[in-house]
Student: 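The structure under discussion is supplied below as structure tokens; questions concerning it will follow.
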Amino acid sequence: MEIRTLGPDEVKSTATSSARSIPADEIDSTFKSKYIDLISSPLGSKVLSFSDEWFAAASNLTTPTPPIRKPGVFTHAGAWYDGWETRRHNTQPFDWVVLRLGVASGRVAGVEIDTAFFNGNHAPEIAVEGCFVTNEAEEEAVTRPDFSGWETVLGKQECGPSQRHGWVLDALTEKAYTHVRLLMYPDGGIARFRLFGVALPVFPSAADAIFELSATVMGGVAVSCSDQHFGTKDNLLLPGRGVDMGDGWETKRTRGPHVDWTIVKLGTTGEIDNIVIDTAHFRGNFPQKVQVFAGLFEEGKVPGHEDEGSTFLRAGYQLEMGPRDNFSILYGI
């Protein structure tokens, strides 16, 4: 079987958008609160295939927490690494891993590659490709090394040892993708792979069907909050119930009366019928009360906490909360 490969010129010439490198200390401010990580494992992203994972598993790439190090710890394959590491002397131009996005589809805004703790065995260069497939037969084909439907999302980029690397595209990709392939030239190790962008919602076929407007997988984004000392605002919009107390939004303690808040941009406009507030695993630190507000704002405008535009709607509910409750509240507008 002939293995399809891309040379440096081909990778650059087929790029869907030009990109610029950004400093490590600007990655979070550039992407977070505006975009989501389309391949974060809590969303359901999955590694479908890879060329090699001799030293460390490709599934580590999408772990949501930062990489860790265990000096002196060895496995049967060698030193333990929190990332994806392939064997030396790759006979092909690059190693690769294919991932299915954790959302139905998404447009890409930027890429982060973290080579934390890979020093001397890090990936020298990387590139990212994408494709859109719609059925099981196509998804089976996309896992094979000879699949020819890839388009370049990020052209070939140089990486350094043990550091975060970020690239922002000049504009969101025109096309939405369901799968991506990370290329590593020629081999080595990468700790984390982040693909920032916006999820495109898939609407139910029935006009009267109810779906979650705020869900990350439908394009919802937690854009700002008063505080997230213990748990991030982004956890609020993940699918399913929290797995533990760390899988939620938790602020620091403040003595005396106060209000913490989060602003969420919905995936699309819609009529709100029900609201669910879930305090699973929060027992002695759950909120006493919650209140919900809604508004309709111009595209691109991020409202502030005190913003009360003419179309801003205030919910008429202030709810008493208990530990580990899961509320479903009628909310008519």
Side-chain angles (χ1 to χ4, degrees), residues 17 19-45 62-66 101-103 105-114 154 164-173 176 192-201 212-239 242 246-252 254 258-270 277 287 290 292-309 312:
S17 177
R20 61 179 176 86
S21 175
I22 55 177
D25 59 1
E26 295 181 11
I27 294 175
D28 290 345
S29 61
T30 300
F31 296 119
K32 292 186 176 180
S33 298
K34 186 176 181 181
Y35 303 108
I36 64 169
D37 179 9
L38 299 170
I39 55 172
S40 174
S41 56
L43 290 179
S45 175
T62 59
T63 301
T65 52
L101 270 59
V103 297
S105 68
R107 297 172 63 192
V108 181
V111 173
E112 178 186 351
I113 294 292
D114 190 348
L154 178 69
R164 296 176 70 187
H165 308 76
W167 299 274
V168 59
L169 304 185
D170 288 345
L172 279 169
T173 54
R192 296 290 187 270
F193 173 34
R194 311 293 189 212
L195 190 74
F196 296 104
V198 295
L200 298 186
E212 190 180 347
L213 293 168
S214 62
T216 298
V217 296
M218 295 294 283
V221 181
V223 296
S224 61
C225 66
S226 57
D227 178 76
Q228 50 184 347
H229 188 82
F230 292 109
T232 70
K233 64 188 185 308
D234 308 287
N235 291 336
L236 289 170
L237 313 182
L238 295 177
D247 191 22
W249 175 46
E250 184 180 2
T251 63
K252 60 178 173 288
T254 302
H258 71 286
V259 175
D260 282 315
W261 52 268
T262 293
I263 294 177
V264 175
K265 180 181 181 298
L266 304 180
T268 184
T269 57
I277 304 292
V290 297
V292 180
F293 309 95
L296 186 63
F297 296 89
E298 295 178 5
E299 182 66 28
K301 179 183 178 182
V302 178
H305 172 51
E306 300 298 332
D307 197 333
E308 297 185 27
F312 199 72

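Keep in mind that the numbers below use all heavy atoms, side chains included, and drop hydrogens, waters and symmetry copies. These numbers come from a predicted model, not from an experiment.
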Student: Excluding sequence neighbours, so at least two apart, what forms side chain to side chain donor-acceptor pair (under 3.5 Å) with Asp28?
Tutor: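 Expected list: Arg164.
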Student: Going by side chain to side chain donor-acceptor pair (under 3.5 Å), name the residues that satisfy it together with Glu212, two or more places apart in sequence or in a different chain.
Tutor: Ser214
Student: Name all residues meeting the side chain to side chain contact (heavy atoms under 4.5 Å, CB included) criterion together with Val108; count only those two or more places apart in sequence or in a different chain, and write none if there are none.
Tutor: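 So Val108 forms a side chain to side chain contact (heavy atoms under 4.5 Å, CB included) with Leu38, Val153, Leu169, Thr173, Tyr177, Leu195.
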Student: Could you pull out all residues at least two apart from Ser41 that satisfy side chain to side chain contact (heavy atoms under 4.5 Å, CB included)?
Tutor: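 In terms of side chain to side chain contact (heavy atoms under 4.5 Å, CB included), with neighbours along the sequence ignored, Ser41 is linked to Thr62, Pro64.
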Student: With rounding to the nearest 0.5 angstrom, report the CG to CD1 distance, Leu43 to Ile36.
Tutor: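 So the CG of Leu43 and the CD1 of Ile36 are separated by 5.5 Å.
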Student: My understanding is that only residues two or more places apart in sequence, or in another chain, count here; which of them pass side chain to side chain contact (heavy atoms under 4.5 Å, CB included) with Val168?
Tutor: Arg20, Ile22, Thr30, Phe31
Student: Which heavy atom of Leu213 sits nearest a heavy atom of Thr269, and at what distance?
Tutor: CD2-O, 4.3 Å
Student: Restricting to non-hydrogen atoms, name the atom on Ala109 and the atom on Leu172 that form the minimum distance, rounded to 0.1 Å.
Tutor: CB-CD2, 3.6 Å
Student: Test of understanding: with side chain to side chain donor-acceptor pair (under 3.5 Å), list the residues that count as partners of Ser226, not counting sequence neighbours.
Tutor: Asp260
Student: Can you see which heavy atom on Gly197 is nearest to which on Tyr35, and at what distance?
Tutor: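 Scanning both residues, the minimum pair turns out to be O-CB, 3.3 Å.
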Student: Given Leu200 and Arg107, is the side-chain contact (heavy atoms from CB on, under 4.5 Å) satisfied, shown in steps?
Tutor: CA-CA 8 Å; Leu200 298 186; Arg107 297 172 63 192; 4.2 Å; yes
Student: Find the distance between CH2 (Trp249) and CH2 (Trp261) and round it off to the nearest 0.5 Å.
Tutor: 8.5 Å
Student: Ignoring hydrogens, what is the shortest heavy-atom contact between Phe193 and Val111? Give both atom names and the distance.
Tutor: CE1-CG1, 3.9 Å
Student: Could you pull out all residues at least two apart from Thr65 that satisfy side chain to side chain contact (heavy atoms under 4.5 Å, CB included)?
Tutor: Thr63, Arg192
Student: Specify the closest pair of heavy atoms between Gly166 and Ile27, including all atoms of both residues, with the distance to one decimal.
Tutor: N-CD1, 3.7 Å
Student: Which heavy atom of Thr216 sits nearest a heavy atom of Leu238, and at what distance?
Tutor: OG1-N, 4.2 Å
Student: Taking only residues at least two apart or on different chains, which pairs with a member in residues 215-235 satisfy salt bridge (Lys or Arg N to Asp or Glu O under 4.0 Å)?
Tutor: Asp227-Lys252
Student: What distance do Glu250 atom CD and Asn235 atom CG have between them, rounded to the nearest 0.5 Å?
Tutor: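 Output value for this atom pair is 11.0 Å.
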Student: Quick one: list whatever passes side chain to side chain donor-acceptor pair (under 3.5 Å) with Thr262, sequence neighbours left out.
Tutor: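 Thr262: no side chain to side chain donor-acceptor pair (under 3.5 Å) contacts found.
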Student: How long is the gap from CZ on Arg194 to CD1 on Ile39, to the nearest 0.5 Å?
Tutor: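 Between atom CZ of Arg194 and atom CD1 of Ile39 there are 7.5 Å.
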